[in-house]
Amino acid sequence: MLAQWNIAVIGAAGNAGRTFVNILPFALLGILVVIVVHLLLALRRRRAAVSPAPWGWWEWLVYLGTLASVAVLGVTSLVAVIRFGILDSWWLFIHMFGAGAFTVVLPVLALTWCEANRCDCPARPAGDEGPPPTRFSCLAKAMFWVILAAGLVVTGTMLLSMLPLFGTHGLELLLDLHRYAGLAVVAAMILHLYATLLPRFGLG
């Protein structure tokens with residue numbers, strides 16, 4: 001019985017929905033458009049940028065670990081779906097390694113960076129007319145919370161699909177949620193990386 005469940009889950013994971021495949025190029029194009037528009041606005045209202053607070057080695061390690069795991073998941077799934085229309089073989093094998101790393105690093109990312117990504121306005125020092133100090137821009141903060149929320153859906157759907165609780169229709173629904181949440185994680189990670197690097201080039 002357990003073998004049948006595993007086969008059903010793997011088989012469902014291997015077949016990309018037609019709608020998802022059709023949406024994928026437009027989603028990737030949308031990410032590029034958001035970056036270009038935001039960059040043009042940043043260049044237009046360019047002002048003296050506040051130097052971001054330095055990161056510690058642990059913060060860098062967690063961020064780079066998250067970036068690497070999302071990159072593995074994004075490349076293996078999106079490239080395989082676009083090129084072959086299916087996620088299987090070595091692509092699926094490598095994807096599972098990335099999934100394991102992401103499952104571990106996601107709660108660590110939340111514990112490490114939640115405080116710095118609170119959605120509030122930092123207090124401006126008395127007598128200072130410049131912009132208030134902050135570690136992340138509004139865009140970066142928003143994308144951080146998207147990564148956490150969508151990441152929970154990504155991991156949760158796959159963990160639930162391994163339990164003997166759902167029939168074929170239920171597994172297909174979980175797979176659809178997994179696909180779109182995964183796409184949201186990849187998009188948010190790209191935008192977060194962009195928003196994090198922007199102040200280091202004198203733009204905010």
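These numbers come from the heavy atoms of this one structure, side chains and all, not from hydrogens, waters or symmetry mates. All values derive from a computational prediction rather than experimental measurement.
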Legend entry - Tyr194 side chain vs Met189 backbone, donor-acceptor pair below 3.5 Å: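 No; judged by distance alone, with no hydrogens or angles, the pair does not exist.
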Legend entry - Short side-chain to backbone donor-acceptor contact, Trp145 and Asn117, under 3.5 Å: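 Yes; judged by distance alone, with no hydrogens or angles, the pair exists.
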Using the rule that Ile, Leu, Val, Met, Phe, Trp and Tyr join whenever any side-chain heavy atoms are under 4.5 Å apart, tell me whether [X] and [Y] fall into a single cluster.
X      : Y      : answer
Val108 : Phe97  : no
Val153 : Leu106 : no
Phe102 : Phe93  : no
Met96  : Val104 : no
Leu173 : Leu171 : no

Hey, could you give me the [atom1]/[atom2] distance between [X] and [Y], rounded to the nearest 0.5 Å?
X      : Y      : atom1 : atom2 : answer
Ile190 : Met143 : CD1   : CE    : 11.5 Å
Leu159 : Leu152 : CG    : CG    : 10.5 Å
Asp176 : Thr157 : CG    : OG1   : 10.5 Å
Ser161 : Leu177 : OG    : CG    : 11.0 Å
Leu198 : Leu139 : CG    : CG    : 9.0 Å
Thr66  : Phe144 : OG1   : CZ    : 9.0 Å

Legend entry - Check: Phe20 ring centroid to His178 ring centroid under 6.0 Å: no
Inset, instruction - Would you please indicate if the ring centroids of Trp55 and Tyr63 are separated by under 6.0 Å? - result: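 Centroid distance Trp55-Tyr63: below 6.0 Å, so yes.
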Indicate yes or no: at least one non-hydrogen side-chain atom of [X] is less than 4.5 angstrom from one of [Y].
X      : Y      : answer
Ile94  : Val75  : no
Leu24  : Leu183 : yes
Trp113 : Ile147 : no
Thr19  : Tyr180 : yes
Leu163 : Leu160 : yes

Inset, instruction - Name all residues meeting the side chain to side chain contact (heavy atoms under 4.5 Å, CB included) criterion together with Ala110; count only those two or more places apart in sequence or in a different chain, and write none if there are none. - result: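 Once residues adjacent in sequence are excluded, the partners of Ala110 under the side chain to side chain contact (heavy atoms under 4.5 Å, CB included) criterion are Cys114, Leu148.
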Ignoring hydrogens, what is the shortest heavy-atom contact between [X] and [Y]? Give both atom names and the distance.
X      : Y      : answer
Gly151 : Val185 : N-CG2, 3.6 Å
His95  : Ser77  : CE1-CB, 3.7 Å
Val105 : Gly65  : CG2-C, 4.2 Å
Leu73  : Thr76  : O-OG1, 3.2 Å
Pro107 : Thr103 : CD-O, 3.2 Å
Gly98  : Val72  : CA-CG1, 3.9 Å

Legend entry - Name of the residue among Val154, Val70, Leu191, Ile31 meeting side-chain contact (heavy atoms from CB on, under 4.5 Å) with Val186: Val70
